[in-house]
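Quick notes on the structure that follows.
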2 protein chains.
Amino acid sequence: MSMISFTEENYLKALLRISFDSGETGVGTNELALHLGVKPATANDMLKRLRDKALVDFEKYKKITLTREGKNIATEVIRKHRLWETFLYEKLEFSWDEVHDVAEQLEHIQSSKLIDKLEKFLDYPAFDPHGDPIPSKGGELTKQFRKTLLDIPVGQLCKMVAVKDNSSAFLQYVVKVGLGINNEIHVKSRQEFDALMVIEVNGVESSVSEKFAENIYVV
Amino acid sequence: MSMISFTEENYLKALLRISFDSGETGVGTNELALHLGVKPATANDMLKRLRDKALVDFEKYKKITLTREGKNIATEVIRKHRLWETFLYEKLEFSWDEVHDVAEQLEHIQSSKLIDKLEKFLDYPAFDPHGDPIPSKGGELTKQFRKTLLDIPVGQLCKMVAVKDNSSAFLQYVVKVGLGINNEIHVKSRQEFDALMVIEVNGVESSVSEKFAENIYVV
DNA sequence: TAAATTTGTTAGACTAGTCTAACTTTATTA
DNA sequence: TAATAAAGTTAGACTAGTCTAACAAATTTA
Ligand SMILES: [Mn+2]
Ligand SMILES: [Mn+2]
Ligand SMILES: [Mn+2]
Ligand SMILES: [Mn+2]
């Protein structure tokens with residue numbers, strides 16, 4: 001029953017996201033606060049409330065983990081986020097880099113009927129416009145094992161499957177380099193000193209930085 | 001600039017709605033509070049804040065009116081509400097009586113690009129599923145003069161164009177009586193005592209109460 | 001017009017969510 | 001291991017939005 005707020009949903013989602021990205025189960029207070037753009041004291045207050053609602057496990061000075069229920073809610077929010085991004089991209093002709101910010105709002109609409117009908121309308125998509133998997137109804141967020149462009153040795157071919165950073169600035173840059181989901185990338189060279197890479201996409205060569213490469217997921 | 005909150009939007013929308021329905025310009029504090037499901041003291045507090053933001057004109061013990069800016073915001077919220085209702089009904093196969101509650105949430109999503117693209121996707125609809133007009137971008141809420149079924153004399157034919165009450169309970173009842181937008185209604189008889197009417201729709205006769213009849217708009 | 005009723009306002013309190021400043025615990029480093 | 005740094009917590013304050021209880025003004029009714 002007990003209504004879950006917009007803000008609480010964002011904390012739960014952040015916890016899932018951070019532990020997913022870091023590969024570790026526990027999350028720190030400062031880490032969480034930084035991710036949400038609040039002060040550690042604020043995050044600490046909220047964590048006590050989430051603990052009272054049995055959505056996180058949290059002992060003083062220890063790492064935070066989501067309970068089963070907390071994880072379910074977080075996964076549902078991510079499911080909504082990615083379905084809305086797909087809707088904006090596929091049906092409303094939003095560009096790749098515009099969908100995320102609007103989906104941050106839409107993900108909090110409370111109506112399971114709405115999200116199920118939306119999923120059907122989109123014909124049960126498996127991935128969002130950034131290549132991230134869309135959890136199914138009540139489903140887990142399956143952790144598929146993905147490399148970044150940084151892990152590909154010189155001379156090898158790979159295929160881009162997703163992006164890590166979802167910011168508008170980064171996505172526009174990706175497009176400018178001529179890259180997109182499912183593009184084949186040929187790694188031509190890499191500098192020892194700063195990991196600067198030369199890649200070839202659709203016959204065009206570009207130089208990309210280490211920071212850029214670690215935000216491109218490939219197989 | 002100054003961010004307008006979810007709650008403030010609801011107060012502005014209620015003010016427009018009430019003065020529109022009553023035909024009078026000024027709205028009372030108690031009336032507003034009743035409509036929003038809050039206490040008069042609460043409404044009074046909020047009205048002071050809206051006055052500080054120049055969204056309402058309001059003097060102690062006097063009636064409340066929207067400023068130009070307040071009216072623009074309220075109209076925009078109604079525009080969003082009705083476009084979302086149309087989307088849910090036309091594209092997601094929601095029924096007539098289900099769309100309103102979800103649209104109450106969707107109307108607060110802040111993105112003018114989203115609402116413009118949605119309008120285009122729906123091919124610029126003029127009316128929502130309840131027969132209410134959809135304001136155009138930056139447009140006014142045009143007050144078309146509509147009669148209710150209660151105003152139609154015995155023996156006359158009329159056409160249903162909209163409903164006043166948007167509650168699920170009422171709309172399901174309307175469907176049960178065999179009525180819908182654009183249906184022709186033949187008024188067969190009316191009791192003096194309690195205004196109970198017998199109407200004929202598509203060859204089927206039904207009895208409807210005064211309360212029912214005043215919630216059906218016809219031409 | 002005076003009393004009664006309705007309508008609207010004020011004062012004081014509460015919760016959610018946020019902050020700053022001071023403090024404590026844990027981890028790192030010399 | 002002791003000092004220093006990093007991470008985490010607490011106390012106290014603030015805003016938005018809500019409430020109850022008491023009061024004041026305006027309107028209606030007798
Ligand atoms: Mn996103
Ligand atoms: Mn995405
Ligand atoms: Mn509605
Ligand atoms: Mn409607």
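Protein chains get the first letters and strands the later ones, always in sequence-line order, with residue 1 at the start of each.
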| query | Could K117(A) and F94(B) be counted as a cation-pi pair, given that NZ or CZ must be under 6.0 Å from the ring centre and within 45° of the axis? | reply | yes

| task | Encode nucleotides 3-10 of chain D as B, S and - characters from 5' to 3', where the letter depends on protein heavy atoms closer than 4.0 Å: B to the base, S only to sugar-phosphate, - to neither. | result | ----SSBB

| field | Nearest-Å distance for atom pair CG/P, residues L34(A) and dC19(C) | value | 12 Å

| F212(A)-F170(A) aromatic ring centre distance below 6.0 Å | yes

| request: Mind calculating the distance between NZ (K53(A)) and C1' (dG17(C)) to the nearest angstrom? | output: 12 Å

| said: Less than 4.0 angstrom between a side-chain N/O of R49(B) and OP1 or OP2 of dA16(D), yes or no? | reply: no

| remark: L32(B) atom CG is separated from dG17(D) atom P, nearest whole Å, by 14 Å

| query | What about F87(B) and F87(A), are their ring centers closer than 6.0 Å? | reply | yes

| said: Taking R79(A) first and then E119(A), would you say they form a salt bridge - that is, a charged N and a carboxylate O separated by under 4.0 Å? | reply: yes

| Within less than 4.0 Å of OP1 or OP2 of dC19(D), is there a side-chain N or O belonging to T42(B)? | yes

| remark: Rounded to whole Å, the NZ-P distance (K39(B) to dT6(C)) equals 17 Å

| message | Base, sugar-phosphate or nothing for T7(A)? Non-hydrogen atoms, less than 4.0 Å. | response | sugar-phosphate

| Base, sugar-phosphate alone, or nothing: which one does F6(B) contact when heavy atoms must sit under 4.0 Å apart? | nothing

| Is the Lys NZ or Arg CZ of K91(B) less than 6.0 Å from the centre of F121(A)'s six-membered ring, within 45° of the axis? | no

